[in-house]
Each structure stands twice: as C-alpha cells, then as structure tokens.
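Order of the sequence lines sets the chain letters (A, B, ...), proteins ahead of strands, with each chain counted from 1.
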Amino acid sequence: AQSVTQLDSQVPVFEEAPVELRCNYSSSVSVYLFWYVQYPNQGLQLLLKYLSGSTLVKSINGFEAEFNKSQTSFHLRKPSVHISDTAEYFCAVSGSGGFKTIFGAGTRLFVKA
Amino acid sequence: DTEVTQTPKHLVMGMTNKKSLKCEQHMGHRAMYWYKQKAKKPPELMFVYSYEKLSINESVPSRFSPECPNSSLLNLHLHALQPEDSALYLCASSQPTRDTEAFFGQGTRLTVV
C-alpha cells in the first residue's frame, strides 16, 4: 500500500526567505511522486514530478524537489519565496491500484511581507 | 488545450433538488475522476472512469451518480443531498497509467441548503 505524510500543516515564512515543505512516502511498488499546488478557490495544478532518472526535479517557477529513496522523502524547496507563492501544497504518490493518486494532508505556505 | 472545464462554478441546491455537475476535457485522456474536497483537506477520490467504464467507486452514497457519456465528458448527478455534502467538487483527467499526472478543473463549489 502507498501513503504520504506531510509533516507540517502550515509554514509561515517571510518574503524572499527560503522554504522547505517536507514530504515522506511509503510504497510497496515503484514510486512516482508529485507535488501539486492549489491557490484559493481553484483546482490543483502540477508543480513538479519524479518518475525516474535524475533525483532532483525542478519547476518553471523556481521550486525544486529531491527524491531520496533511502529516506523515503520528496521534500519541496524554494530558495526565495514570493507573496504569490501563498497556497496549499499537496505531495502525492501514484497508487498501486491502477492510477489512483494518494494525496498527503497538505501544507499551507503563507508568505508574509 | 490542456484544460479541464467544469460547470457550473458555483451551485446552491436544496435537499430535494436534482442537479448535475459537468466536466469536459479535450486532451485525449482516457481516465477521468471525481474528487470531493472539504475546506483545509486534501481531495478525496469518489469515482474513476477508465475508457468510459467505471473502474473505481470509493463507496460513495447512491445520492451521487456518475456518468461518462463519451471520452471527453464526465457528469455527476446529484439527488437528495445532505448539508454535509457541501464541498468543492473537482474533476480531473489523465492517461490511464501510473506514471502520469492528473489535470484538474477549477471545481464546482456546492452548497446544500
């Protein structure tokens, strides 16, 4: 079975500061990992994904995540956040039962001026 | 076109009403999903259609009835809902494989009065 744990429910941070949102997973099959972002009153958007190959994956807006198999982690980082990064971030793993996605509980990133 | 379109964006219905939520995608995806999302929670999977056939029903009450008329359309028929069914209903689509992300619509904000 698969599961995802997001260790922080809320992360407040000042603008231009670095941030790390933590995600740990468990999986009994090959791992496909995703980070989705949800802005207020909107649907989810894919931020980045790890399928195979390089363990460091990057998004177009400056976020990156590193797949660490030994620590079963897929933490999301950004070196300098903007007010516009305020949103809910969900870590997810692809389930073994076909293509069902298992979501973590979410981390609310709140960027303060 | 990488959009999933959901209508309506907002819906208020009484407990004796019948209404339908609609979802459309033109990305050639053969898997489509309905999720329910309560405030400050991750999306909860309700139904999955694969190649227009219902493949997953997560023990959803029968007052929710999904329909997939063709590969581009997905409906959710609502009847005799309860106030606790008030939530954001998200539609998503993807290729029916594990190594692919889901594309989400903006959601329908449903309020049951």
| query | Using non-hydrogen atoms only, which part of L44(A) is less than 4.5 Å away from chain B: side chain, backbone, both, or neither? | reply | both
| field | Side chain, backbone, both or neither of Q45(A) within contact of chain B (heavy atoms, under 4.5 Å) | value |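 Neither part.
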Would [X] end up clustered with [Y] when hydrophobic side chains under 4.5 Å apart are linked, directly or stepwise?
| X | Y | value |
| --- | --- | --- |
| V37(A) | F110(A) | no |
| L46(A) | F63(A) | no |
| W35(A) | F103(B) | no |
| V31(A) | F103(A) | no |
| L11(B) | M46(B) | yes |

Beyond-backbone contact of [X] with [Y], side-chain heavy atoms, under 4.5 angstrom:
| X | Y | answer |
| --- | --- | --- |
| K40(B) | E88(A) | no |
| E101(B) | L48(A) | no |
| K100(A) | E58(B) | yes |

Over all heavy atoms of both residues, which pair between [X] and [Y] is shortest? Give the atoms and the distance, please.
| X | Y | value |
| --- | --- | --- |
| L90(B) | G43(A) | CD2-CA, 3.8 Å |
| A105(A) | P42(B) | O-CD, 3.7 Å |
| K41(B) | F90(A) | O-CZ, 3.8 Å |

| said: Suppose a student defines contact as a heavy atom less than 4.5 Å from any heavy atom of chain A. Which residues in residues 59-84 of chain B would they list? | reply: none
| said: With a 4.5 angstrom heavy-atom cut-off, is it the side chain or the backbone of E44(B) that approaches chain A, or both, or neither? | reply: neither
| message | Heavy-atom pairs under 4.5 Å with chain B - which of S52(A), S9(A), S30(A) has more of them than the others? | response | S30(A)
| task | Decide side chain to side chain contact (heavy atoms under 4.5 Å, CB included) for Y35(B) and T101(A); before the verdict, give the C-alpha distance in whole Å, the side-chain angles of both, and the deciding distance to 0.1 Å. | result | CA-CA 11 Å; Y35(B) 287 87; T101(A) 301; 4.0 Å; yes
| Sequence neighbours excluded, which residues qualify as salt bridge (Lys or Arg N to Asp or Glu O under 4.0 Å) partners of R77(A)? |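 Result, salt bridge (Lys or Arg N to Asp or Glu O under 4.0 Å) vs R77(A): E20(A).
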Rounded at 0.5 Å granularity, tell me how far [atom1] in [X] sits from [atom2] in [Y].
| X | Y | atom1 | atom2 | value |
| --- | --- | --- | --- | --- |
| L88(B) | N41(A) | CG | CG | 8.0 Å |
| D99(B) | F34(A) | CG | CZ | 7.5 Å |
| F104(B) | Q42(A) | CZ | CD | 13.5 Å |

| task | Determine whether more than 12 heavy atoms belonging to other residues, nucleotides or ligands lie under 6.0 Å from atom NZ of K18(B). | result |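 Counting other residues, nucleotides and ligands, NZ of K18(B) stays at 12 neighbours or fewer.
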| Backbone of A102(B) reached by a side-chain donor or acceptor of Y36(A) within 3.5 Å | yes
